[in-house]
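Inspection log for the structure reproduced underneath, given as structure tokens.
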Amino acid sequence: IEGTAANKALEFYNNSGTTIDLAGYTLERYDNRAGTASETVDLATASGAPTLAAGETVVLYRSGSDASLVAAAGNAAVSAAHSIINHTGNDAYALKRNGAIIDLFGAIGENPGAAWTGSTNTTVDVTLQRAAAATQIKGNPDGFTTANIPALDNEWTAFAVDFTDGLGAEGVYVDTTNPQVAALGLT
């Protein structure tokens with residue numbers, strides 16, 4: 001969620017079919033066009049959970065998010081406020097396992113201006129959820145760049161700013177045309 005004011009959140013979904021040990025998973029935020037991480041956190045430490053069961057989610061949100069976002073995040077198996085969740089439309093996130101990128105949102109080292117913008121989606125003032133057509137994505141280590149913007153349009157479905165339906169409750173919110181599938185996928 002890249003919402004108004006402090007309303008920011010990321011959801012991580014365990015789509016592996018088995019419980020995952022979160023040790024070794026890190027989340028890195030790359031501000032603007034940074035080529036090096038602006039902040040890095042261990043996912044187990046940030047979430048306060050050593051493991052995540054199959055089909056469960058972790059939601060990290062920005063401190064100061066409004067009550068409706070925090071309440072929606074509470075639907076997750078684990079939710080927590082963390083300083084790493086502090087993005088605008090031109091920041092990238094890398095989810096790593098044992099140092100290797102397994103999922104990337106945006107492009108490290110690329111400044112798209114205010115946001116990456118495709119033909120149907122943008123990354124500013126919007127809630128993005130993995131698209132129904134992307135159900136088999138176990139993560140996209142290539143992310144999307146201005147040169148590869150179809151990945152933004154093909155892998156993500158855009159919803160209104162501050163949209164929180166289904167946050168943390170994987171598979172609960174179902175819009176018949178755009179079901180929520182996953183945010184950043186853990187494998």
Side-chain angles (χ1 to χ4, degrees), residues 1-13 25-43 45-48 57-74 76 78-96 101-118 120-131 134 137 139-146 148-149 151-153 155-168 180-186:
I1 296 174
E2 203 294 291
T4 56
N7 288 341
K8 317 288 182 196
L10 289 180
E11 176 183 85
F12 304 88
Y13 172 56
Y25 284 89
T26 57
L27 178 65
E28 297 179 346
R29 186 186 71 241
Y30 295 80
D31 293 338
N32 304 318
R33 63 181 170 267
T36 57
S38 305
E39 187 169 356
T40 300
V41 298
D42 173 85
L43 197 55
T45 302
S47 68
T57 60
V58 170
V59 174
L60 297 178
Y61 57 89
R62 184 174 173 189
S63 180
S65 291
D66 71 26
S68 64
L69 188 147
V70 173
V78 178
S79 65
H82 199 281
S83 63
I84 197 166
I85 308 302
N86 186 24
H87 51 266
T88 58
N90 62 357
D91 302 318
Y93 281 97
L95 179 63
K96 293 184 173 183
I101 295 174
I102 61 169
D103 207 352
L104 180 62
F105 184 86
I108 296 168
E110 179 179 282
N111 185 358
W116 285 279
T117 302
T120 58
N121 291 340
T122 183
T123 57
V124 69
D125 297 333
V126 68
T127 296
L128 293 171
Q129 296 175 348
R130 286 278 192 197
I137 290 177
N140 180 353
D142 299 323
F144 49 83
T145 65
T146 51
N148 180 27
I149 210 66
L152 173 60
D153 290 332
E155 293 178 21
W156 300 92
T157 299
F159 292 89
V161 66
D162 295 325
F163 179 84
T164 60
D165 289 9
L167 180 65
Q180 178 185 3
V181 177
L184 297 177
L186 297 168

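Only heavy atoms go into these numbers, but all of them, side chains included; no hydrogens, no water, no symmetry mates.
Distance check: Asp91 CG to Glu39 CD gives 11.5 Å after rounding to the nearest 0.5 Å. If you take OG on Ser38 and CG on Asn86, they are separated by 9.5 Å, rounding to the nearest 0.5 Å. Atom CG of Asn111 is separated from atom CG of Asn32 by 6.0 Å, given to the nearest 0.5 angstrom. Taking CG of Asp31 as the start and OG1 of Thr88 as the end, the distance is 7.5 Å to the nearest 0.5 Å.
Taking each heavy atom of Ala73 and Ser79 in turn, the nearest pair found is O-CB, 3.2 Å. The minimum heavy-atom distance between Ala94 and Tyr30, with the atom names listed, is CB-CE1, 3.9 Å. Annotation for Val59 and Ala76: closest pair CG2-CB, 3.7 Å, computed over non-hydrogen atoms. The two residues Val70 and Ser65 come nearest to each other via the heavy atoms CG2-O, 3.8 Å. Of all non-hydrogen atoms in Ala9 and Leu167, the two that sit nearest each other are CB-CD2, 4.5 Å. Between Lys96 and Ile101, the closest heavy-atom pair is CE-CG1, 3.6 Å.
With Ser47 as the fixed residue, the side-chain contact (heavy atoms from CB on, under 4.5 Å) test singles out one of Val58, Val41, Asp42: Val58. Just one of Leu69, Val161, Leu10, Ile85 meets the side-chain contact (heavy atoms from CB on, under 4.5 Å) condition when paired with Ile1; it is Leu69.
Without hydrogens or angle criteria, Asp162 side chain to Thr4 main chain gives a donor-acceptor distance under 3.5 Å. Between the Asn90 side chain and the Ala114 main chain, no donor and acceptor come within less than 3.5 Å of each other. At distances below 3.5 Å, at least one donor-acceptor pair connects side-chain atoms of Asn121 with backbone N or O atoms of Leu152. Side-chain atoms of Thr123 come within 3.5 Å of backbone N or O of Gly89 as a donor-acceptor pair.
The side-chain heavy atoms of Leu43 and Leu60, taken from C-beta on, include a pair separated by under 4.5 Å. Annotation: side chain of Leu27 is in contact with side chain of Phe12 (closest heavy-atom distance under 4.5 Å).
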Check against side chain to side chain contact (heavy atoms under 4.5 Å, CB included), Lys8 and Glu2:
CA-CA 5 Å; Lys8 317 288 182 196; Glu2 203 294 291; 2.4 Å; yes
Show your reasoning for whether side-chain hydrogen bond (donor to acceptor under 3.5 Å, both in side chains) applies to Tyr13 and Glu11.
CA-CA 6 Å; Tyr13 172 56; Glu11 176 183 85; over 6 Å; no
Just do the side chain to side chain contact (heavy atoms under 4.5 Å, CB included) check on Tyr25 and Ile102 with the steps written out, would you?
CA-CA 10 Å; Tyr25 284 89; Ile102 61 169; 3.6 Å; yes
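Asp66 and Asn7 share a side-chain donor-acceptor pair at under 3.5 Å.
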